[in-house]
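In the text below, chain A, chain B and the rest are named by the order of the sequence lines, each starting its count at 1. In this text the structure is predicted, and so the values were computed from the model without any measurement.
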Amino acid sequence: MYTPHTDEDIRRMLERIGVGSVDELFARAVPGEMLTSGGFEDVPEAMDLASLIKTMRALSDRNTASCIGSCFAGGGAYAHLVHPAVDQIISRSEFLTAYTPYQAEVSQGTLQAVFEFQTMVAELLGTQVANASMYDGASAAAEAALMARRVTKRNKVLVSEALHPEYRHVIRTYLAGLAPEGVEEVLTIGYAKDTGATDTVALAGRLGDDVAAVVVGYPNVFGVVEDLTSIAKAAHDAGALLVTATAEPVSLGILEAPAVLGADIPTAEGQALGLPVSFGGPGVGLFGCSKKKARHMPGRLVGRTVDTRGKNGYVLTLAMREQHIRRERATSNICTNQGLCALAVTVHLSLLGPEGLREQALMSAANAHALRERIAALDGFEDVFDGPFFNEFAIRSKRVPVADLIEGLAERRLLAGPALGRWYPELANVLLVSTTECLCTQDMDALVAALREVGR
Amino acid sequence: MDFPNDLKYTKTHEWVKTEDGVATCGLTAFAAEQIGDVVQLELPEEGQTFKLDEPIAVVESSKASEEIFAPLSGTVVASNMDLEGEPEKVNESPYGDGWMFKMEMSDESEVSGLLDADAYAKHVAELKEG
Amino acid sequence: MSEKKPVDTRHRAVRDVVRHVSFDEPAVFEKSVPGRRGTRITPPGRSLPDPGAWLPEAMIRKSPPGLPELSENEAVRHWVRLSSWNFCIDHGFYPLGSCTMKYNPKVNEAAARMEGMARLHPYAPESGAQGALELMWSLERALACICGFDAFTLQPAAGAQGELTALMMIRAHHRAQGNPRSKVLIPDTAHGTNPASAALNGYRSVAVESGEQGILLAGDVAKVMDEEVAAVMITNPNTLGLFEREIRQVARVVHEKGGLVFGDGANLNALMGRVKPGEVGIDVMQLNLHKTFSTPHGGGGPGSGPVGCVEKLTPYLPVPRIVRDEDGSFHLDEKMPGTIGRVRSFYGNFGMLVRAWTYILAVGRSGLGDVSGMSVLNANYLMTLLGGLFHRPYDGTPMHEFVLTDKKLKKETGVQTMDVAKRLLDLGYHPPTVYFPLVVQGALMIEPTETETPETLEAFAGALERIVREAGEDPEVLHEAPHATRLGRLDDTLAARRPVLRWTPGDEEDGNAS
């Protein structure tokens with residue numbers, strides 16, 4: 001499929017080249033003993049278009065937990081409203097089927113969009129500059145930790161235990177290859193069991209002149225909003241940089257921009273700003289810093305310049321930080337950005353505007369605060385943390401195991417979670433619940449009713 | 001191409017001017033032409049010490065990124081911060097405003113290992129032929 | 001900027017070109033009008049509380065982010081106008097070497113947008129995500145079968161991240177043997193990501209020159225191979241489009257000293273269904289689903305970079321792994337003691353995996369060899385059509401792509417690779433990859449892909465003939481190309497020397513906004 005060649009085409013082409021067959025062409029290019037003798041059993045036979053669609057539809061239908069109705073699940077992926085225009089714009093062939101904008105004269109659409117993306121991300125994070133995007137929020141946080149090591153020329157990275165565990169895991173994985181044998185360079189700082197925020201006393205105790213970066217979630221994995229001002233002060237007093245990771249970027253509609261509170265390299269996952277949850281990917285990593293540190297920044301950058309006729313235009317720039325020029329001395333091995341996802345975020349934000357984003361954030365938070373009160377009042381449930389939170393909170397089931405709870409909700413076409421026990425043994429029976437602006441009173445009534453039935 | 005007689009040179013295209021135990025260093029006109037339009041530099045910080053031939057700075061054009069090696073051992077006493085805003089000075093005035101850093105030499109005998117203008121000119125001529 | 005006199009636009013060479021659509025459109029921020037809205041978020045009548053109800057004052061945003069304020073109509077128009085400034089595969093031929101710009105089938109897009117795919121939450125209970133898990137498990141098996149490997153991970157978000165993952169696995173393997181080793185060998189034809197990925201794993205790169213035929217020679221590898229070398233990184237076919245004929249001998253040399261062979265799978269398109277990398281000595285390899293498996297390039301991403309490996313490296317694959325239970329159901333397993341960890345959150349760029357699986361089902365088992373067959377046929381046909389028009393630095397039958405240079409043209413007319421590339425824009429084509437691989441001066445790297453018709457290749461060859469003719473008659477037209485695009489050549493040096501990386505209020509007064 002998808003090869004347009006007729007038998008006559010092939011005959012004519014082979015004749016012009018002067019070979020007898022396509023196999024003969026391969027025989028010239030590849031030593032015969034390296035051609036495979038076959039064995040493609042795990043590749044199905046080709047399907048006609050109708051069967052193909054039917055097969056994919058059947059797979060899709062077996063994902064019975066997809067959030068068709070109301071979604072209270074969070075933990076780094078959020079079912080916020082996506083404006084229908086977003087998918088129509090990013091489905092345009094001109095954006096969808098173009099490559100990285102190397103030929104600037106015929107890529108101005110992509111380039112200007114990235115320039116606008118960089119501007120919007122810098123506005124959200126409160127930084128002077130932002131890059132063209134990273135793979136996702138977790139790898140952006142890991143790249144930020146690497147960048148902090150380059151800037152400070154120090155090695156240790158202190159990671160809050162209340163940072164999303166998968167983000168922590170990615171940071172450890174990224175840094176593992178650079179540490180001398182037997183030396184642990186990523187250290188964990190615990191969280192306060194009452195507030196759910198990073199334990200600032202423990203943090204102060206560990207900070208020292210070997211620490212490159214402190215990494216915290218903002219809000220953290222429990223939904224709690226960290227006190228960045230005091231964490232930033234502690235980090236800066238020790239000469240370390242503060243890296244923040246925002247897994248729920250809608251929060252930035254009402255939360256102070258992380259850089260304003262002292263974050264040196266704020267990062268975020270942009271999925272909630274215009275992309276579907278899509279089983280966790282693709283997402284898009286947001287990454288910002290000061291102008292001064294920009295040359296240490298990983299990832300692509302688009303800059304404005306002029307053409308031969310003096311007209312404004314955009315190009316990929318500051319490429320000397322990158323792998324194709326610096327090779328082993330590059331700031332990162334990253335080649336491209338998450339182009340289309342960054343575009344989706346930019347289109348989405350242009351439709352929301354500052355007021356739309358703020359309302360989205362306020363409604364999400366208002367729903368969460370109302371819901372938490374109702375759930376905590378139920379027989380069989382209690383609050384876990386009392387720190388300030390945005391749209392996500394932890395709730396303990398006192399009687400019913402959390403797995404049964406999730407199962408019971410699923411039977412009622414409701415989805416919440418994740419269960420925090422998967423990462424935190426001390427939170428064995430704790431469920432994360434998150435809300436968006438898409439939920440109405442009836443949705444929340446349904447969740448409360450379901451928990452009342454299942455949870456006692 | 002201009003290679004002033006009062007300067008010393010390295011085979012890796014740095015120039016050196018010594019005065020009272022301090023060496024001022026930059027990139028030769030030949031190297032500046034080869035690398036093309038310089039767009040950014042990474043210069044050493046004051047107080048850092050380097051040994052002969054250690055990587056000390058990076059010069060970047062839109063098509064290449066080249067390491068600069070310490071032409072002598074010593075401690076950096078100044079970096080040309082003007083180049084941050086006007087990197088084009090490396091191309092326009094390689095031996096003047098385009099200087100890159102000054103080092104206090106820790107071993108002045110190393111100066112004798114550098115090339116004089118004639119020897120460097122010969123080296124460049126060989127490269128061009130090669 | 002250029003002080004040369006602009007070319008006379010009445011000139012036939014300038015007139016007889018493909019005109020590109022060109023609406024003017026400023027930065028989106030310049031269209032912003034305070035109070036204008038594109039989306040209603042709050043239900044009418046609902047009042048919103050002050051965030052001070054929940055948050056301490058210091059945590060509340062003092063000034064709103066500087067996002068533009070537009071109506072839906074204005075916003076959509078902005079994006080559609082911008083889109084019209086892009087060249088894309090659906091416009092025309094895009095022979096960008098090493099990037100495999102093949103057609104992106106539309107049914108892939110439809111599948112990825114099905115609600116059960118797009119709206120499945122990553123923390124949905126596994127019992128409610130069986131379709132997704134089955135899809136991923138099946139895709140892993142199919143890729144393993146196509147490549148001749150034991151297992152695959154689908155987690156890496158792009159080819160470069162897959163490469164990084166593979167290097168991490170290599171390091172983990174050597175560490176388990178008692179010595180992580182310190183170096184990797186990289187041929188001079190390699191992609192720039194190779195040395196960068198090595199450095200991120202603490203490895204020093206040692207360059208190995210390719211032989212006169214443009215391929216890596218086992219003898220040259222043997223000279224630098226020792227027990228400190230963790231791996232050799234090989235792209236096959238290499239970036240010259242040539243099959244690495246000595247790959248088995250190279251692998252033997254490396255394996256004898258306990259090293260591993262990393263394969264850069266960027267060019268799998270040329271081999272699919274005919275050569276299995278795992279059968280010719282490669283131990284671990286990343287794929288780029290947007291190249292071989294037709295997922296869209298999206299202006300730079302998202303990609304997907306699955307990594308496959310031979311059995312002895314499977315313990316190090318990232319977690320979670322997808323496991324099939326005896327009852328035929330699937331679950332995710334986080335507990336793999338040897339694992340390198342994880343390189344991103346969740347399970348991979350699932351949306352891209354859906355597209356790739358849709359593609360594999362459409363192509364099918366017996367169609368795999370057609371993909372590589374027609375891509376190699378197209379490359380050879382186009383090369384034959386071009387005859388001696390350009391200098392070709394390396395002989396040998398190319399596979400899916402071939403490399404030419406401007407050597408002859410430059411000597412005869414002064415016209416260089418960049419001029420040819422820019423002139424192709426005038427004639428309605430995207431240029432080939434230029435100035436890569438680095439071992440070839442003035443390289444033009446041409447990859448037609450299997451989805452192009454011979455008529456398209458003939459027309460493209462005609463365009464290059466025209467350019468060579470123009471170079472002889474009127475080289476100025478080429479030096480100043482493109483003429484038909486919205487903008488002329490852009491000043492890269494200015495962009496890098498005086499970086500303007502974001503819009504700031506007041507920019508519109510700078511005057512020369514387009």
Which atom of C/Leu487 lies closest to which atom of A/Glu105, heavy atoms considered: O-CG, 3.7 Å
Parallel, tilted or perpendicular, as decided by the 30° and 60° cut-offs, for the rings of C/Trp54 and A/His369: parallel
Nearest-0.5 Å distance, SG of residue A/Cys341 to CG of residue C/Asn349: 7.0 Å
Chain C contacts, top residue of A/Arg358, A/His169, A/Glu437 (heavy-atom pairs, under 4.5 Å): A/His169
Atom group of C/Met59 that falls short of 4.5 Å from chain A, counting heavy atoms: both
Side chain / backbone / both / neither for A/Leu52 at chain C, heavy atoms under 4.5 Å: side chain
Min side-chain heavy-atom separation A/Pro44-C/Leu361 under 4.5 Å: yes
Taking every non-hydrogen atom, the tightest pair across C/Pro431 and A/Gln103: CG-CD, 3.6 Å
Student check: side-chain heavy atoms of A/Pro354 and C/Leu67 closer than 4.5 Å: yes
Toward chain C, the part of A/Ile89 with a non-hydrogen atom under 4.5 Å: side chain
Qualifying residue for side chain to side chain donor-acceptor pair (under 3.5 Å) with C/Arg502, from A/Gln118, A/Gln128, A/Glu123, A/Glu116: A/Glu123
Contact leader toward chain C among A/Leu351, A/Ile53, A/Val22, where contacts are heavy-atom pairs under 4.5 Å: A/Leu351
Chain C contact via A/Glu181 - side chain, backbone, both or neither, heavy atoms under 4.5 Å: side chain
Side-chain touch C/Val275/A/Thr36, heavy atoms, less than 4.5 angstrom: no
Check: C/Arg171 side chain, C/Asn201 main-chain N or O, donor-acceptor pair, under 3.5 Å: yes
Candidate pair C/Ser366 and A/Glu45, rule side chain to side chain donor-acceptor pair (under 3.5 Å), full reasoning: CA-CA 7 Å; C/Ser366 45; A/Glu45 271 306 344; 3.2 Å; yes
Region of C/Val28 in contact with chain A, defined by heavy-atom distances below 4.5 Å: both
Contacting region of C/Arg113 [heavy-atom separation from chain A under 4.5 Å]: side chain
Which atoms of C/His91 approach chain A - backbone, side chain, both or neither, heavy atom under 4.5 Å: side chain
Engaged part of C/Met114 at the chain A interface, taking heavy atoms whose separation is under 4.5 Å: both
Residue part contacting chain C, namely of A/Leu81, when any heavy atom lies under 4.5 Å: side chain
Pick from A/Gly356, A/Ser139, A/Gly303, A/Ala138 with the largest number of heavy-atom pairs that fall under 4.5 Å of chain C: A/Gly356
Region of C/Ala132 that comes under 4.5 Å of a non-hydrogen atom in chain A: both
Options A/Ala122, A/Gly253, A/Gly39, A/Gly18, ranked by heavy-atom pairs under 4.5 Å with chain C, top entry: A/Gly39
Heavy-atom contact with chain C under 4.5 Å, split by part of A/Arg92: side chain
Which atom of A/Leu340 lies closest to which atom of C/Pro302, heavy atoms considered: CB-CD, 3.9 Å
Heavy-atom contact with chain C under 4.5 Å, split by part of A/Ala85: side chain
Distance-minimising heavy-atom pair for C/Ala362 and A/Tyr2: CB-OH, 3.5 Å
Under 4.5 Å from a heavy atom of chain A, the part of C/Leu501 involved: both
Donor-acceptor under 3.5 Å (A/His5 side chain, C/Leu377 main chain): no
Portion of C/Glu72 that has a non-hydrogen atom of chain A nearer than 4.5 angstrom: both
Chain C contact via A/Leu343 - side chain, backbone, both or neither, heavy atoms under 4.5 Å: side chain
Contacting region of A/Asp136 [heavy-atom separation from chain C under 4.5 Å]: side chain
Contacting region of A/Leu261 [heavy-atom separation from chain C under 4.5 Å]: side chain
Which portion of C/Glu279 sits near chain A, non-hydrogen atoms under 4.5 angstrom: side chain
Region of C/Met117 in contact with chain A, defined by heavy-atom distances below 4.5 Å: both
Heavy-atom contact with chain A under 4.5 Å, split by part of C/Asn380: both
Region of C/Ser294 that comes under 4.5 Å of a non-hydrogen atom in chain A: neither
Smallest separation among heavy atoms of C/Asp370 and A/Thr3, with atom names: O-CG2, 4.0 Å
Any donor-acceptor pair under 3.5 Å from C/Arg365 side chain to A/Phe40 backbone: yes
Residue C/Pro318 versus chain A: region with a heavy atom under 4.5 Å: neither
Heavy-atom pair count under 4.5 Å with chain C, highest-scoring of A/Val302, A/Leu362, A/Val315: A/Leu362
Heavy-atom pairs under 4.5 Å with chain C, option from A/Met1, A/Met47, A/His164 with the top count: A/Met47
Side chain / backbone / both / neither for C/Leu385 at chain A, heavy atoms under 4.5 Å: both
Per-residue contact mode, A/Leu415 against chain C (heavy atom under 4.5 angstrom): side chain
